[in-house]
Amino acid sequence: EQHDRPQRLCVAFHEQYLDKTSHKPEDNAWGATEFYNLNPQAHFDITDLHLYSSDAPGQFWDKHVHGVRKMKAFLKTRGDAEKPIWNSETSFFSGRDQFGFSEKEQARRVIQWYAQSLAVGIQRNFWYRVTEERGITNSDFTPKPSFAAHVTAAREFTNTTYQGEETGISDLRAYHFQGQDKRKTVAWTMSGKKILACQTQGEDTVAVRDMWGNPIPIKRVSDCHVID
């Protein structure tokens, strides 16, 4: 009897969906509460999401950051907080699409979302399309700027552990990661018009790289490093 429980779960899921008595379309929608009321935890290994940039204001991902944190709080109440979280469909639009913007801006968003997804516990992101407006290469697979940003992020985030974020400044997003021998911070301003500065202590040094991995010149004023 045990082997067919997932199949019976699907049948129960469908039957309860059809049992909805209201004729309002919104009342026929199934959510996490209804799903978890069937106690399905033993029958799947990964919590899967489909998070796209097109439904996020300005293609910023703060909306999804808040949503994933809210979801994780719910999963904890159902004893299911330890399952890996994958974002198995994602994309950032550039070019002619109605949601698009410049390819350089798309590349910035790739770095930002990779940092934010690690911060909220998403282990993997899968591109819905690799090519053209929705992807990180052109139709002939030549790289767009976002491909270079993807490679830089993969290199910089490998073997790092998320350590926390800066809070209290509404325009600032800054996420800290600990590598094998150094601390790394991914930081940007939502307006894109502010100057960033970081303070060091003692013999600490600062190296800054852009989204393509190139070093950025920084100014030192006393014990502060100013990044224009």
Side-chain angles (χ1 to χ4, degrees), residues 46 48-68 84-162 165-166 171-177 179 182 184-196 206-218 227-228:
I46 294 166
D48 182 51
L49 304 172
H50 292 174
L51 300 178
Y52 284 84
S53 64
S54 58
D55 61 349
Q59 295 203 84
F60 286 107
W61 285 74
D62 284 18
K63 170 185 174 181
H64 296 315
V65 169
H66 300 319
V68 173
I85 300 174
W86 290 8
N87 183 24
S88 65
E89 285 189 18
T90 195
S91 63
F92 298 81
F93 297 84
S94 69
R96 294 169 297 176
D97 193 280
Q98 60 176 322
F99 302 108
F101 40 35
S102 72
E103 291 185 353
K104 185 176 181 179
E105 193 64 29
Q106 182 197 35
R108 289 195 183 99
R109 294 294 195 276
V110 170
I111 295 286
Q112 292 168 7
W113 174 233
Y114 285 0
Q116 289 180 309
S117 63
L118 289 172
V120 297
I122 294 177
Q123 295 185 2
R124 299 185 182 185
N125 285 297
F126 297 82
W127 284 80
Y128 174 72
R129 289 195 65 171
V130 175
T131 61
E132 301 177 334
E133 287 94 343
R134 300 187 181 196
I136 57 179
T137 73
N138 298 303
S139 58
D140 60 357
F141 294 100
T142 55
K144 294 165 62 176
S146 52
F147 181 86
H150 167 84
V151 172
T152 298
R155 180 177 62 246
E156 294 295 333
F157 287 130
T158 296
N159 296 323
T160 63
T161 303
Y162 173 65
E165 66 182 285
E166 297 295 329
D171 195 45
L172 176 67
R173 302 292 180 270
Y175 300 88
H176 304 297
F177 300 86
K182 63 185 68 174
K184 300 180 180 182
T185 297
V186 182
W188 66 94
T189 59
M190 297 294 285
S191 65
K193 300 177 181 179
K194 302 288 181 64
I195 294 176
L196 295 175
V206 174
V208 181
R209 298 187 180 277
D210 62 17
M211 59 184 148
W212 293 287
N214 300 316
I216 297 176
I218 57 177
I227 307 152
D228 195 346

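One-based numbering along the sequence shown. Worth knowing before you read on, the calculation uses all heavy atoms, side chains too, and leaves out hydrogens, waters and symmetry mates.
Across S139 and T131, no two heavy atoms sit closer than the pair CA-CB, 4.3 Å. Nearest heavy atoms, S102 versus S94: O-CB, 4.1 Å. R134 and W127 make their closest contact through O-CZ3, 3.4 Å (heavy atoms, listed as atom of the first residue, atom of the second, distance). Here the shortest heavy-atom pairing between D48 and S88 reads OD1-OG, 2.6 Å.
Of the possible polar contacts, one joining the D140 side chain to the T142 backbone as a donor-acceptor pair under 3.5 Å is found.
For F147, there are no ring pair (Phe, Tyr, Trp, His ring centres under 6.0 Å) partners at least two apart in sequence or on another chain. Applying the side chain to side chain donor-acceptor pair (under 3.5 Å) rule to W188 yields no partners; only residues at least two apart in sequence or on another chain are considered. By the side chain to side chain contact (heavy atoms under 4.5 Å, CB included) test, I46 is found to be paired with W86, residues two or more places apart in sequence or in another chain being considered. Partners of S146 under the side chain to side chain contact (heavy atoms under 4.5 Å, CB included) rule, at least two apart in sequence or in another chain, are Q106, A107, V110, I136, K144. For E132, the side chain to side chain donor-acceptor pair (under 3.5 Å) partners at least two apart in sequence or on another chain are R129. Scanning for ring pair (Phe, Tyr, Trp, His ring centres under 6.0 Å) contacts around H176 gives an empty result, with sequence neighbours left out. Residues passing the side chain to side chain donor-acceptor pair (under 3.5 Å) test with D171 are S191, K194, sequence neighbours excluded. Not counting sequence neighbours, the partners of H66 by the side chain to side chain contact (heavy atoms under 4.5 Å, CB included) test are D62. Residues that satisfy the side chain to side chain contact (heavy atoms under 4.5 Å, CB included) test with L118, not counting sequence neighbours, are F157, F177. Residues passing the side chain to side chain donor-acceptor pair (under 3.5 Å) test with Y175, sequence neighbours excluded: Q116.
Screening residues 105-125 for salt bridge (Lys or Arg N to Asp or Glu O under 4.0 Å), with sequence neighbours left out, gives E105-R108, E105-R109. Screening residues 151-161 for side-chain hydrogen bond (donor to acceptor under 3.5 Å, both in side chains) gives E156-K184 as the qualifying pairs, with residues at least two apart or on separate chains.
Atoms NE2 and CD1, on H150 and I111 in that order, are 10.0 Å from each other to the nearest 0.5 Å. Within the model, atoms NE2 of H50 and CG of N87 stand 7.5 Å from one another, a figure rounded to the nearest 0.5 Å.
For N125 and S117, the side-chain atoms include at least one donor-acceptor pair closer than 3.5 Å.
Here the rule is side-chain contact (heavy atoms from CB on, under 4.5 Å) with T90, and of Y52, W61, F126 only W61 fits it.
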* Apply side chain to side chain contact (heavy atoms under 4.5 Å, CB included) to the pair V65 and W113, showing each step before the final yes or no. => CA-CA 9 Å; V65 169; W113 174 233; 4.1 Å; yes
